[in-house]
There are 2 protein chains.
Amino acid sequence: MELKRYNRQNRMLVAVDCIIFGFDGQQLKLLLIKRGFEPEQGRWSLMGGFVQPGESFESSAQRVLKQLTGLENVYLEQLYAFGDPHRDPLERTASIAYFALIDISKYEKQLSSEYHAEWFSLKNIPSLIFDHKEMIRMAKEKLRYKAAFHPVLFELLPAKFTLPQLQNLYEGVYESMMDKRNFSRKILSTGLLIKQKQKDKEGSKKGAFYYKLDKKKYRHLFNAFLKFVPDPGNIK
Amino acid sequence: MELKRYNRQNRMLVAVDCIIFGFDGQQLKLLLIKRGFEPEQGRWSLMGGFVQPGESFESSAQRVLKQLTGLENVYLEQLYAFGDPHRDPLERTASIAYFALIDISKYEKQLSSEYHAEWFSLKNIPSLIFDHKEMIRMAKEKLRYKAAFHPVLFELLPAKFTLPQLQNLYEGVYESMMDKRNFSRKILSTGLLIKQKQKDKEGSKKGAFYYKLDKKKYRHLFNAFLKFVPDPGNIK
DNA sequence: CAATTAATTGTCAAATGTACAATTATTAAT
DNA sequence: ATTAATAATTGTACATTTGACAATTAATTG
């Protein structure tokens, strides 16, 4: 007789949660929502949802992300599977956490009003449900790790950006100051940036030249091993 | 009225699978078992098991690992959550993959006979069930990444080991040759090794001095950022 | 004691990292 | 028109690390 299922084993709910990073030119931010159902209705939470039949974890995370931001084809990476038996008090629920990097200028505000979503500065995160605080801690750590060797932070920037903006971003991610001269030398030496003729005149009299990513080199070098940060600090 | 469960959502099985690395002094190896139940009974497989009620993913992996090797307190790290809806043809089953690094000399052979377990050279892995081949590919990649910056490969070695053995290990992990002089200079400069007065006389007339890990420095430096490998290659 | 084998040790040039400040472009005010 | 103010842009010298490369040493064997 053919087996039809694995008998005597317990099944559990599986959800995805998204840690959504954005950068407004000054600060690194996270997109959070107000949870719309019990338990913990009305409290701040990461955007998430249950994995549906026929859906992989990755496509589930993509679906959830599109629901909230309207965006597709964004940078999305699996962070960690959270499986503490009591992380959700109502019923055992595993959560596969993903982190996303989006260009904050492309995100559609109207969608997020439905979820009462808001951008929070990373230094000012409110109290969150379940283990979402821990998820964010790990996401920050992993972003630091990744960005030290791969040009992943460009995913947070618009098509045109300035060197001071880029340095702001790196300084925000690593919560430390960098030397302007050494920073631009290192970044430019990767050959990833193409200088534009236009300047950004906001926020300075002299204006700062715009740069664009060399998309071809970017794709080619993404998995190569560059070094964007001297010492990424103590990271796992 | 209080909610008791999340209604109208589908639950699924969740398992853990362990990619178990060992090093015999010459080659990097993986411990595989012959699957003992249907479907795919009798085929080669990673050691795994279903996550039980009340058990976290990590403790589930520890349990599975102890069942097969008799070992506790081994290096264990979550690799990735595999969730393709059809990865197990019988029933939807998620798998949280962990990779383990064990000292091959400590592992208890008698236990593994129960599971028909065998060590396989990484270059000679047999056909495997489900997505286990992909799990191994990712585990190798992650081990490379990790070992490039953290002294994690010492987990594979016995308490006393020689520099040539250590270099063999690194060369096995990176599938490339390294210069003896540069290798020992780099490794010794970390201050992690304590030279012993004894020599290992196996395999050479002159004999090679044993070294021990400085456990205190090891724990202290583990998350620090050392550089053990010149260029870890193209890795995610 | 000579021959063999593998471990151990050293040097130099090139590349990279680090610390540090003067100059330039633009706008606003006098 | 000149000056003052602001932030962007550019350069240099020194220290450290890396990478390429070969001679010497310790032990065993015939």
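Sequence lines set the chain letters: A, B, ... in the order given, protein chains first and strands last, and positions in each chain run from 1. Below, each value reflects all heavy atoms present in this structure, side chains not excepted, and no hydrogens, waters or symmetry copies.
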For the pair made of CD in B:Q198 and P in C:dA7, what is the distance, rounded to whole Å? 17 Å
When you check the gap from the basic side-chain N to the acidic O, do A:D214 and A:K216 get nearer than 4.0 Å? no
Between the side-chain atoms of A:R181 and the base atoms of C:dA19, is any donor-acceptor pair under 3.5 Å? no
Closest to the side chain of A:K206, out of C:dC20, C:dT26, C:dT8, is C:dT26
Base, sugar-phosphate or nothing for A:K199? Non-hydrogen atoms, less than 4.0 Å. sugar-phosphate
In whole Å, what is the span from the CD atom of B:E202 to the P atom of C:dA7? 13 Å
Euclidean distance, atom CG of residue B:N182 to atom C1' of D:dC21 [Å, nearest integer]: 9 Å
Under the ring pair (Phe, Tyr, Trp, His ring centres under 6.0 Å) test against B:F161, which residue among B:F154, B:Y210, B:Y211 passes? B:F154
Between B:S204 and A:K180, whichever has its closest DNA chain C nucleotide further toward 5' is B:S204
B:P164 side chain: which of D:dT9, C:dT8, D:dG11 is closest? C:dT8
Rounded to whole Å, CG of B:D179 lies from C1' of C:dT8 at a distance of 12 Å
Tell me whether B:E77 is salt-bridged to B:K146, with the criterion being a basic N under 4.0 Å from an acidic carboxylate O. yes
Could you check which of C:dT9, D:dA8, C:dT27 has an atom nearest any side-chain atom of A:K205? C:dT27
Looking only at side-chain atoms of A:R185, point me to the closest of D:dT9, C:dT8, C:dT18. C:dT18
Side-chain ion pair, A:R144 and A:E175, N-O less than 4.0 Å: yes
Whole Å only: how far is the CG atom of B:L163 from the P atom of D:dT25? 19 Å
Specify the separation, in whole Å, of atom CZ of A:F183 and atom C1' of D:dA7. 16 Å
If I take atom OH in residue B:Y210 and atom P in nucleotide C:dT8, what distance separates them, rounded to the nearest angstrom? 12 Å
Look only at the side chain of A:H150 and the backbone of A:F222, and say whether a donor-acceptor pair between them is shorter than 3.5 Å. yes
Rounded distance (Å) that lies between atom C1' of D:dA26 and atom NZ of B:K195: 12 Å
Given C:dT27, is OP1 or OP2 found less than 4.0 Å from the side-chain N or O atoms of A:K201? yes
